[in-house]
**Q** 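So that we are looking at the same thing, I have put the structure below in structure tokens.
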Amino acid sequence: MRISSDVGRLAAVREMVRSAAIAAGGSETFVSDLVQAVDETATNVIVHGHAGNPGWLEVGVSLDDDRLIVTVEDDAPGFDPTMVPEPDLTIAPDHRRPGGMGVHLARLSVDEMTHRARPEGGNILTLIRRLDSRGKEDR
């Protein structure tokens, strides 16, 4: 699914990922975690990557054995979220600067996160979540 760089279009992306995760047999936890990870990363592309400039992002979902693989491809300036340091969680939330938790939340929601640059410019972020990795209690 390709969308323009507009946060108003993220509902359609969330629904597509939710539908694919349910069709793959994911638990409630699996589905909500994967949707959150994709929403966080896609939002970052739109808000920080494109920063109000025109652009696009494309989200694809595929099932490979027991893994759901989501790719988020964009034409934003290069940025590797796998290199973002973990936030200092010892600082109380009301003393932290706003924001900065999206990448952390996405990492917690998937089993693997990889980044590579698009040859034409932009980014390809791959998020992988194994169907049986977490949330067995709510199947």
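Residues: numbered from 1 along the sequence shown. When reading the values below, keep in mind they use all heavy atoms of this one structure, side chains included, and skip hydrogens, waters and symmetry mates.
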**Q** Can you name the nearest heavy-atom pair linking L10 to A42, along with the distance?
**A**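 Where L10 meets A42 most closely, the heavy atoms are CD2-CB, 3.6 Å.
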**Q** A side-chain contact here means heavy atoms from C-beta on lying under 4.5 Å apart; do E112 and T126 qualify?
**A**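 No, every pair of side-chain atoms sits at 4.5 Å or beyond.
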**Q** If you measure from CD1 on I3 to CE on M16, what distance do you get to the nearest 0.5 Å?
**A**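 So the gap between those two atoms works out to 9.0 Å.
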**Q** Can you get from V17 to M113 by hopping between Ile, Leu, Val, Met, Phe, Trp and Tyr side chains that sit under 4.5 Å apart?
**A**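 Yes.
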**Q** Is D33 paired with R129 through a side-chain N to carboxylate O contact shorter than 4.0 Å?
**A** yes
**Q** Would you call F30 and R130 a side-chain contact if the rule is heavy atoms closer than 4.5 Å?
**A** no
**Q** Could I get the full list of side-chain hydrogen bond (donor to acceptor under 3.5 Å, both in side chains) partners for R2, not counting sequence neighbours?
**A**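 Here the qualifying residues are E58.
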**Q** According to a hydrophobic-cluster definition based on side-chain heavy atoms being under 4.5 Å apart (Ile, Leu, Val, Met, Phe, Trp, Tyr only), do V72 and I128 belong together?
**A**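 V72 does not cluster with I128.
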**Q** Closest approach of D74 and V45, non-hydrogen atoms and distance?
**A** OD2-CG2, 3.4 Å
**Q** Taking it one step at a time, do D75 and H50 satisfy side-chain hydrogen bond (donor to acceptor under 3.5 Å, both in side chains)?
**A** CA-CA 8 Å; D75 66 342; H50 289 126; 2.6 Å; yes
**Q** Can you give each donor-acceptor pair under 3.5 Å made by side-chain atoms of residues 60-69, sequence neighbours left out, with the distance rounded to 0.1 Å?
**A**
from, atom 1, to, atom 2, distance (Å)
D64, OD2, R67, NH2, 3.0

**Q** With respect to V38, which candidate in T71, T43, L125, L127 satisfies the side-chain contact (heavy atoms from CB on, under 4.5 Å) definition?
**A**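 So, applying the side-chain contact (heavy atoms from CB on, under 4.5 Å) to V38 and each of T71, T43, L125, L127, only L127 qualifies.
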**Q** Between atom CH2 of W56 and atom CD of E73, what is the distance when rounded to the nearest 0.5 Å?
**A**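 One finds 4.5 Å between CH2 of W56 and CD of E73.
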**Q** Excluding sequence neighbours, so at least two apart, what forms salt bridge (Lys or Arg N to Asp or Glu O under 4.0 Å) with D39?
**A**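 By the salt bridge (Lys or Arg N to Asp or Glu O under 4.0 Å) rule, D39 matches R14.
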**Q** If you take all heavy atoms of G78 and N123, which pair is closest and at what distance?
**A**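 Closest heavy-atom pair between G78 and N123: CA-OD1, 3.4 Å.
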**Q** Which pair of heavy atoms, one from P81 and one from R107, lies closest together, and at what distance?
**A**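 Taking P81 first and R107 second, the nearest heavy atoms are O-NH2, 3.0 Å.
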**Q** Atom CG of L57 and atom OG of S5: how far apart are they, to the nearest 0.5 Å?
**A** 6.5 Å
**Q** Starting from I124 and following side-chain heavy-atom contacts under 4.5 Å between hydrophobic residues (I, L, V, M, F, W, Y), which residues can be reached?
**A**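 Listed partners: none, I124 stands alone.
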**Q** Can you tell me if E15 and S19 form a side-chain donor-acceptor pair at under 3.5 Å?
**A**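 Side-chain D/A pair, E15 to S19: present.
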**Q** Looking only at non-hydrogen atoms, find the nearest pair between P77 and G49 and report the distance.
**A**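 Heavy atoms only, the tightest pair is CD-O, 3.2 Å.
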**Q** Can you confirm whether R9 sits close enough to V13 that some side-chain heavy atom of one is under 4.5 Å from a side-chain heavy atom of the other?
**A** no
**Q** On a heavy-atom basis, which atom in L131 and which in A24 lie closest, and how many Å separate them?
**A** CD1-O, 3.5 Å
**Q** Going by side-chain hydrogen bond (donor to acceptor under 3.5 Å, both in side chains), name the residues that satisfy it together with D6, two or more places apart in sequence or in a different chain.
**A**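 Checked D6 against side-chain hydrogen bond (donor to acceptor under 3.5 Å, both in side chains); zero matches.
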**Q** Mind checking the OG-CZ spacing from S32 to R18? Nearest 0.5 Å is all I need.
**A**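 Separation between the atoms: 8.5 Å.
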**Q** Applying salt bridge (Lys or Arg N to Asp or Glu O under 4.0 Å), name anything that partners R116, two or more places apart in sequence or on another chain.
**A** none
